[in-house]
Amino acid sequence: MATTTTTESADKRQSIRIIGAPTDIGAGHLGGSMGPEALRVAGLEKALVRLGYTVDDRGNLAGPTNPNTPPINGYRHLPENIAWCSLVRDAVQDSMTNGDFPILMGGDHALAIGTIAGLSNHCRSVGKPLSVLWLDAHADFNTAETTPSGNVHGMPLAIAAGHGPAELSGLADVTPMIDPHRIIQVGIRSVDVIEKIKVVESGMDVHDMRRIDENGMRQTMTQVLEKLAALGGHVHVSFDVDFLDPSIAPGVGTTVPGGPTYREAQLCMEMIHDSGLMDSLELMELNPAYDVKNKTAELVVELTKSLFGEQILSRHHAAL
Ligand SMILES: [Mn+2]
């Protein structure tokens with residue numbers, strides 16, 4: 001695919017803008033607010049520079065603190081989630097408008113509402129459809145009616161698809177901000193009871209761990225990337241660190257056993273890179289309070305390098 005990449009998209013990929021969103025406002029556990037700093041300590045910027053990219057770390061967005069209070073009408077911290085997601089929307093949209101490839105460092109996964117809102121606005125302005133590749137242990141398709149906890153990080157895709165409080169689901173210029181038929185999920189292995197019905201009805205394409213066990217990561221990602229290529233338009237990759245098996249990635253608040261191994265995750269990321277399809281990225285739910293000597297942050301940096309083209313041997317050398 002690399003040989004068919006246009007000059008325009010190749011240029012776009014040379015310039016990366018890193019945006020930090022240090023908050024755990026949508027999560028059940030505190031500590032995701034330290035995620036951006038842990039990724040900086042693990043050398044995210046330097047790793048991308050070594051791969052030949054120009055990288056501009058814009059520092060952190062500044063939103064409200066976490067009041068850590070119980071749900072009100074089914075949602076925890078709704079006003080604070082609105083404030084943070086609005087900041088993320090504007091930062092991501094500004095990056096796209098300036099031709100920079102945005103990497104959002106979370107922060108919890110509720111912030112994806114802001115990312116998708118910003119991308120939705122940008123895509124509408126340039127006449128492109130928006131698709132999302134969602135790497136996660138969870139379907140994140142709860143609503144106030146189905147959520148066991150009221151934590152908004154379990155709801156971002158339902159809200160992006162138009163099912164949620166108007167203040168959040170209406171954060172983009174149009175509602176819904178994405179067509180759920182353009183959402184592909186990989187790695188899913190924890191879906192709440194009523195949420196299962198909503199996920200099946202939603203139209204999302206869900207490659208759960210059972211499908212990955214049966215088909216293998218290679219065939220799974222071949223199918224996923226062929227579908228994304230056929231759908232066309234902008235492809236956003238939303239990487240929840242709990243996608244990974246907890247044995248290699250303990251630094252998240254919501255670990256679920258039975259996730260992709262180190263090699264399966266690397267293959268997934270390398271295949272995404274080789275497809276040339278990725279147009280924006282977010283690295284979500286890293287929680288240093290649960291990590292061991294920052295090893296999960298270091299793994300996320302390793303996987304991000306693969307997403308941006310790091311290979312064991314270059315394809316050219318391997319062919320000689
Ligand atoms: Mn998630």
Side-chain angles (χ1 to χ4, degrees), residues 21-33 35-36 39 75-77 81 84-85 88 92 103-117 119 132-143 146-161 163-164 168 177-178 180 183-192 195-196 198-199 202 204-209 212 224 236-246 249-260 265 268-269 280-288 290-291 296-297 299-300 303-304:
T23 181
D24 35 35
I25 200 68
H29 301 84
L30 299 178
S33 54
L39 289 169
Y75 301 102
R76 293 184 71 216
H77 316 142
N81 272 286
W84 274 104
C85 287
V88 168
V92 168
I103 300 180
L104 182 82
M105 304 188 295
D108 70 78
H109 221 165
L111 299 165
I113 301 163
T115 311
I116 294 172
L119 294 173
V132 172
L133 173 52
W134 194 264
L135 309 175
D136 204 321
H138 307 89
D140 290 354
F141 209 82
N142 268 302
T143 63
T146 68
T147 173
S149 67
N151 295 323
V152 178
H153 77 160
M155 312 179 188
L157 285 177
I159 290 171
H163 312 291
L168 278 176
M177 55 184 86
I178 185 159
I183 300 170
I184 304 183
Q185 299 193 318
V186 177
I188 308 303
R189 54 194 183 277
S190 174
V191 186
D192 295 314
E195 185 188 19
K196 285 183 187 179
K198 301 285 178 190
V199 166
S202 70
M204 295 190 300
D205 186 1
V206 183
H207 295 256
D208 61 12
M209 286 311 299
I212 297 174
V224 165
H236 173 60
V237 176
S238 187
F239 174 20
D240 187 322
V241 178
D242 71 27
F243 167 70
L244 305 167
D245 192 84
V252 283
T254 52
T255 52
V256 187
C268 172
M269 303 307 172
S280 52
L281 173 67
E282 59 191 358
L283 306 171
M284 310 305 274
E285 295 281 349
L286 176 65
N287 189 330
Y290 291 82
D291 206 0
T296 308
L299 174 58
V300 171
L303 293 170
T304 304

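The first residue in the sequence is number 1, and the count goes up from there. All figures in this text were calculated on a predicted structure; none of them were measured in a lab. When a ligand or atom number is given, it counts from 1 through the structure's own listing order. What you see below is based on every heavy atom in this structure, not just the backbone, and it leaves out hydrogens, waters and symmetry mates.
Under the 3.5 Å distance criterion, the side-chain polar atoms of Asp140 are left unmatched by any main-chain donor or acceptor of Leu157. No side-chain donor-acceptor contact under 3.5 Å links Asn151 to the backbone of His153. Listed for the Gln185 side chain is a donor-acceptor partner under 3.5 Å among the backbone atoms of Ala139.
Within the 2.8 Å limit, His138 places no N, O or S atom next to the Mn ion (ligand 1). Taking backbone and side chain together, Glu285 holds no N, O or S atom under 2.8 Å from the Mn ion (ligand 1). At a threshold of 2.8 Å, the Mn ion (ligand 1) has no backbone or side-chain N, O or S atom of Asp242 nearer than that distance.
If you look at Trp134 and His236, their ring centroids are not closer than 6.0 Å.
Nearest N/O/S atom of Asp240 with respect to the Mn ion (ligand 1) is recorded as OD2. Asp140 has its closest N, O or S atom to the Mn ion (ligand 1) at the position named OD2.
Vertex the Mn ion (ligand 1); arms to Asp136 OD2 and His109 ND1; angle rounded to 10 degrees, 90°.
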Which pairs would a plain distance check flag for residues 250-258, meaning a side-chain donor or acceptor within less than 3.5 Å of a matching protein atom at least two apart in sequence or in another chain?
| residue | atom | partner | partner atom | Å |
| --- | --- | --- | --- | --- |
| Thr254 | OG1 | Asp242 | OD2 | 3.0 |

